[in-house]
There are 2 protein chains.
Amino acid sequence: MLTIGQLAAFAGVTARAVRHYHQIGLLPEPARDASGYRRYGAKAAVSLIKIRTLANAGVPLSEIGQMLEADGSTFDEAIQRIDSHLRDEIERLESSRKQITQLTAGESLALPPEVTSYLDRLREIGVSERMVEAERDGWILVVARWPERIHQIMPAKFAHLDDPRLVRLYRLGSELLDSDAGDDDPRLEEAADILAGLAEQAYTPGETNPDEDAQHELPFGLLDALAVESDPRAQRLLDLMRERGWASWTRTRPQRLTEPAD
Amino acid sequence: MLTIGQLAAFAGVTARAVRHYHQIGLLPEPARDASGYRRYGAKAAVSLIKIRTLANAGVPLSEIGQMLEADGSTFDEAIQRIDSHLRDEIERLESSRKQITQLTAGESLALPPEVTSYLDRLREIGVSERMVEAERDGWILVVARWPERIHQIMPAKFAHLDDPRLVRLYRLGSELLDSDAGDDDPRLEEAADILAGLAEQAYTPGETNPDEDAQHELPFGLLDALAVESDPRAQRLLDLMRERGWASWTRTRPQRLTEPAD
DNA sequence: ATGGGGGGTTGACGCAGCGTCAAGGTCAAG
DNA sequence: CTTGACCTTGACGCTGCGTCAACCCCCCAT
């Protein structure tokens, strides 16, 4: 007769595991000897090995009991279920691995390569590191809401960098972020003028903008909030844009709040 | 300002998950509004998305905090650790899948194919189902203790089936298991005679048996116990073997207990 | 006889990452 | 005013054991 430790060693598990199987009713409690020790026979060893075989194959303990009692077809069904579950798990982990190898740099965190290229391009243009980080956080929000559309958006963004006004705008932002200029800095006005001009151009009045619905889904509110949270002076910029008839400095649609409603 | 539900929805998680991140200090608790609701800004959304990006990549929550603060090389090291851990997990599951697909029939449970073939062969010879099951459980114990050696053992076992004495022995076992014969059934004596003869042949006296140490490691005690547990009449067989000078009906070494010690 | 070391016993908490009640308070709409 | 959808804290549940704690038991050496 074996003690719990001997039984466990024979099956290659710990005594704690055996006691656990008793607790959940997977392995019947054996009789005790005079001093209260559990004493196991050979059949218990066989049962324990069967249990471990299934458990090692990835069968949850809660199902092993039924499987050991099941007949051939029921058993095979269960095997199928377990196997497809394992397949799913493996797929999940595989995709995790793919994802994680993308995360070599802290920057690519949560961003597709197009966007990180764009950010690198900004650096080449002379945009400061703080400005790039602010831009990056904004893109994280956009990507989170619109993961697929990002492929359509980025080429336009790259092309837009050919516009000297936009470059000037980024440089203004860089300067302002790195300075301790106040709300009254004239560069804020200049930035607002550029933004208004770009917005005017992007918004072709009279025509139905096909992306209008889509744009409506973009998290403009969050982007504005992000800017203000990153630098309170962004609030001034927002006010200036509102003066110029634009609802937000990231949204390219005119507001009508100051005009009478239809 | 977002409520917890809105924030969670934006990042594609549940509110409970966000609260969990607060609890473990991964995401800072935001300020509350007048009615005690948590109110989140855009930066929280960015943080949450970063957290989920790493979590989706398989990074344990407990490490995400440090990773978000880490610099490039520290970050990359962590990535390497996580990746190799993922690889291990995947391998584990892959091997589980391999194992589980082997378990198509209830019989192959915990047994390599050589052994199941042997059991099938026994059925062909006319061994009863109960006898095969008893034999199977015995092999489960042997395989558990000696998983690699089984490849060496089985060919000899197959060859041994050419010996008509062994076949007769299995048939006797089948008959006895299916009958309600008592301890005094003469077939028990016949079985003991065959066993003794086979043992005599297997044990070549005077020569040093190279497998002696190895055999010593086989779980003979358990095998004997298993037989007796399966059918109490096996005890009688053991006694008969002892009378004939053998320690156990599964062990092929003579006992010297009845002779004076050296 | 005594002491020590290596077994055994039950009971309990801990782990990861939340899901899911319970028992309320709040908010916007009809 | 009610309803339904949200928020709050607190707590247990899940998986498969690991790991104390506090105590008992057996065998061996002194």
Side-chain angles (χ1 to χ4, degrees), chain A residues 1-27 29-41 44 47-67 81-82 85-86 88-89 92-93 96, chain B residues 1-27 29-41 44 48 50-67 81-82 85-86 88-89 92-93 96:
Chain A
M1 294 300 251
L2 306 169
T3 67
I4 195 170
Q6 293 168 328
L7 174 74
F10 187 82
V13 300
T14 64
R16 179 67 180 84
V18 175
R19 281 192 274 257
H20 182 62
Y21 301 152
H22 290 324
Q23 248 182 351
I24 63 176
L26 191 49
L27 192 64
E29 283 266 5
R32 309 298 182 102
D33 67 9
S35 53
Y37 287 17
R38 293 177 179 84
R39 288 297 179 167
Y40 298 88
S47 297
L48 181 53
I49 289 167
K50 287 182 182 173
I51 289 170
R52 283 312 311 170
T53 303
L54 286 172
N56 288 337
V59 181
L61 296 189
S62 55
E63 299 182 25
I64 290 182
Q66 306 157 25
M67 285 191 67
R81 277 211 329 279
I82 309 288
H85 180 248
L86 277 179
D88 292 352
E89 278 291 289
R92 236 174 32 82
L93 293 185
S96 285
Chain B
M1 294 299 249
L2 306 169
T3 67
I4 195 171
Q6 294 169 329
L7 174 74
F10 187 84
V13 300
T14 64
R16 178 69 180 85
V18 175
R19 280 192 274 259
H20 182 61
Y21 301 153
H22 289 324
Q23 246 181 350
I24 63 177
L26 192 49
L27 192 64
E29 284 266 5
R32 309 298 181 103
D33 67 10
S35 52
Y37 288 16
R38 293 176 178 85
R39 288 297 178 167
Y40 298 89
L48 182 53
K50 287 182 182 172
I51 289 170
R52 283 312 310 173
T53 303
L54 287 172
N56 288 337
V59 180
L61 296 188
S62 55
E63 298 182 26
I64 290 182
Q66 305 158 27
M67 285 190 66
R81 277 213 328 280
I82 309 289
H85 180 248
L86 277 179
D88 292 352
E89 278 291 289
R92 235 174 32 80
L93 294 185
S96 285

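Bear in mind that the values here come from a model prediction, so they are computed numbers and not experimental data. Just so it is clear: chains get the letters A, B, ... in the order the sequence lines come, proteins before strands, and each one is counted from 1.
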- Rounded to the nearest 0.5 Å, how far apart are CE of B:Met1 and CD of B:Gln6? 11.5 Å
- Whichever of B:Leu61 and B:Asp33 has its nearest DNA chain C nucleotide further upstream toward 5': B:Leu61
- Query: Measuring from B:Tyr21:OH to B:Arg16:CZ, what's the distance to the nearest 0.5 Å?
  - Reply: 10.5 Å
- Look up atom CG in B:Leu27 and atom CZ in B:Arg52, then write down how far apart they are to the nearest 0.5 Å. 12.0 Å
- Task: Check step by step if side chain to side chain contact (heavy atoms under 4.5 Å, CB included) holds for A:His85 and A:Arg81.
- Result: CA-CA 6 Å; A:His85 180 248; A:Arg81 277 211 329 279; over 6 Å; no
- Item | Distance, nearest 0.5 Å, that separates NE2 of B:His22 from CZ of B:Arg19 | 8.5 Å
- Item | 5' to 3' contact window, DNA chain D with chain A (heavy-atom distance under 4.0 Å) | D:dG16 to D:dC26
- Query: Looking at A:Ile51, A:Leu26, A:Leu7, which one forms a side-chain contact (heavy atoms from CB on, under 4.5 Å) with A:Val18?
  - Reply: A:Leu7
- Task: May I ask you to test the A:Ile49-A:Phe10 pair for a side-chain heavy-atom distance under 4.5 Å?
- Result: yes
- Message: Could you tell me how far apart A:Arg39 (CZ) and C:dG7 (P) are, to the nearest whole angstrom?
- Response: 13 Å
- Query: Judged by atom type as modelled, is there a donor-acceptor pair below 3.5 Å linking the side chain of A:Thr3 to the main-chain atoms of A:Arg38?
  - Reply: no
- Query: In whole Å, what is the span from the CD1 atom of B:Ile4 to the P atom of C:dT26?
  - Reply: 17 Å
- Query: B:Gln6 CD to C:dA28 C1': how many Å, rounded?
  - Reply: 13 Å
- Sub-4.0 Å heavy-atom contacts from residues 11-27 of chain A onto DNA chain D, ordered by number: A:Thr14, A:Arg16, A:Ala17, A:His20, A:Tyr21
